[in-house]
> 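Submitted below is the structure of interest, expressed as C-alpha cells.
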Amino acid sequence: MKRPASRPSRTGLFLKRQKRLLRPVIGLVLLAGVGGVAYLALPLPVIQQQIAPLRDKLLGTSALRVTSIRIDGANLTSDSAIRAALNIAVGDPVLNFNVSHAREMLTAMPFVDHVSVERHLSGEIDVHITERPPYAVWQHQGHFILIDRQGQKVPDQGTNDKDATAFAKLPLVVGDGANENAAALIDVLLQEPDVKSRVTAAVRVSDRRWNLSLKDGATVLLPEGEEAPAIHRLARLNASTQLLDRPVVLIDMRLPDRLTIRERPSEPPPPSTTPQVGDAAKNAAIPHAVPTGKDTPHTPPHHTPTKDTPRSATEESRDE
C-alpha cells in the first residue's frame, strides 16, 4: 500500500507560484554580473570607452559616484600633483577609478616612500602618503643632493623634476661629512629662528667643526663640539647688540671666553673733483691709500674685552 505524499510547505508553495516572476529578476542579476566582470577584466581604454555609456546608464546612481577624496600625509607633495596622479574627481563614477594605477603613479613621485589607496563603493577615496622627507641639501663635489636626517640620499624614484618650492626651503650644508652631521646643527638653528633666517649655508671644516655663511657675506666660526652653546650665545648677543646687523666679515666664536670680530674695511672717500692750489705737489709726493682687502686690526682705546663682549680683531684667527 502506497504512503500518501507529504504536503508541500508554505515556502515551497510560494516559490512555486512566484517562479515565473523570479526568472526575469535572476536573469537581470546574472546579466549585470557578467557585464561587470567583463568590464573589469578588459582594461583596454577603447573597450571601456565603448562600454562606459551603457554602464553609466545602468549603474549611474549617486551611490556609485565619488563623493569625497581624502588625502593625508603629504607635506612636500602638492595637492594638485596628487589629484592629477589619481585622475579622478568628485562626481565621477567610482568604478572608473583604477586603484593599482593610482598607487603606481603616486609611488613614482618625488619624496614619496610608499602610499596606500582605498576605494569604497559608498563613494569615498582615501589616500595615505608616507613621505621620506629630505632634511637638507648637501653640496658635495659640485653636486646638490637631497638627504634625510640620517644623511642618506632621499630616493626620488629616478625623477629629476623635484618640488622646487620644497627644495628652496631646505638648509644647505657643504663639505665632506656635512651630510652625516647636519641634523644636530640644523636642530639647534631651528631653536634660534633669528640666527637661522640669516644663514645661507653651513660649511663643514675638516669634518670636525662648522662655519656659518650669512646672507650679508659674513662668516661665523663655531667651536668644535660646542655648536649649540655658541649659537645660543650668538642669538643672545644679536638680541642685545644687533651684532649680525653690523658691517662685519667674520665672527670668531671658537674661544669660549671671548668673541672676536673683523669689521669690513671702510671705503675710501671719493676723490675731490676740484683740487685746491698746492695739492698737486702733495699728491705727487704721497700716493693715495688703496684698500688692500686685508683685515686691519683696530681696538678701541681703554677697552678690555670681556666674556660675550664683541671686539675688533687684535689677533689673527687661528688656522683651521
> Do the non-hydrogen side-chain atoms of Asn211 and Leu222 ever get within less than 4.5 Å of each other?
no
> Does Arg65 use its side chain to pair, donor to acceptor, with the backbone of Gly91 at less than 3.5 Å?
yes
> Between Trp138 and Gly175, is there a donor-acceptor pair closer than 3.5 Å when you use the side chain of the first and the backbone of the second?
yes
> How far apart are the C-alpha atoms of Thr77 and Glu131, what are their side-chain angles, what is the distance that settles it, and do they pass the side chain to side chain contact (heavy atoms under 4.5 Å, CB included) test?
CA-CA 9 Å; Thr77 309; Glu131 295 178 329; 2.9 Å; yes
> Kindly check if the number of other-residue, nucleotide or ligand heavy atoms within 6.0 Å of CG (Asn87) is above 12?
no
> Given side chains that start at C-beta, do those of Ile69 and Ile88 come closer than 4.5 Å, heavy atoms only?
yes
> Quick one: CG on Asp126 to OG on Ser116, what's the gap to the nearest 0.5 Å?
8.5 Å
> Met253 versus Leu221: any side-chain heavy-atom pair under 4.5 Å?
no
> Is the NZ or CZ atom of Arg149 positioned over Tyr135's six-membered ring, under 6.0 angstrom from the centre and within 45° of the axis?
yes
> Show the numbers, then the answer: is there a side chain to side chain contact (heavy atoms under 4.5 Å, CB included) between Ile251 and Arg262?
CA-CA 7 Å; Ile251 303 174; Arg262 291 181 184 174; over 6 Å; no
> Are the side chains of Ile125 and Val99 in touch, meaning some heavy atoms are under 4.5 Å apart?
no
> With salt bridge (charged side-chain N to carboxylate O under 4.0 Å, His left out) as the test, would you mind laying out the steps for Arg70 and Glu124 before giving the verdict?
CA-CA 8 Å; Arg70 292 190 293 263; Glu124 296 90 0; 5.1 Å; no
> Between Leu121 and Leu95, is any pair of side-chain heavy atoms under 4.5 Å apart?
yes
> What about Val115 and Met105, same hydrophobic cluster or not, with Ile/Leu/Val/Met/Phe/Trp/Tyr joined at side-chain heavy-atom distances under 4.5 Å?
no
> Is the number of heavy atoms from other residues, nucleotides or ligands within 6.0 Å of NE2 (His101) greater than 12?
no
> Is there side-chain contact between Val199 and Leu214, with at least one heavy-atom pair below 4.5 Å?
yes
> Flag the pair Leu234 / Val220 as yes when at least one side-chain heavy-atom distance between them is below 4.5 Å, and no otherwise.
yes
> Please tell me if the side chains of Asn238 and Val195 come closer than 4.5 Å, counting only heavy atoms from C-beta onward.
no
> Please test Arg246 against Asp216 for salt bridge (charged side-chain N to carboxylate O under 4.0 Å, His left out), starting from the C-alpha separation and ending with a verdict.
CA-CA 10 Å; Arg246 294 169 56 180; Asp216 61 356; over 6 Å; no
> Can a side-chain donor-acceptor contact be found between Ser100 and Asn98 if the only test is distance below 3.5 angstrom?
yes
> Under the 3.5 angstrom rule, does the side chain of Lys196 hit a backbone N or O of Pro171 as a donor-acceptor pair?
no
> Tell me if a side-chain donor or acceptor on Ser240 pairs with a main-chain N or O of Leu237 at a distance below 3.5 Å.
yes
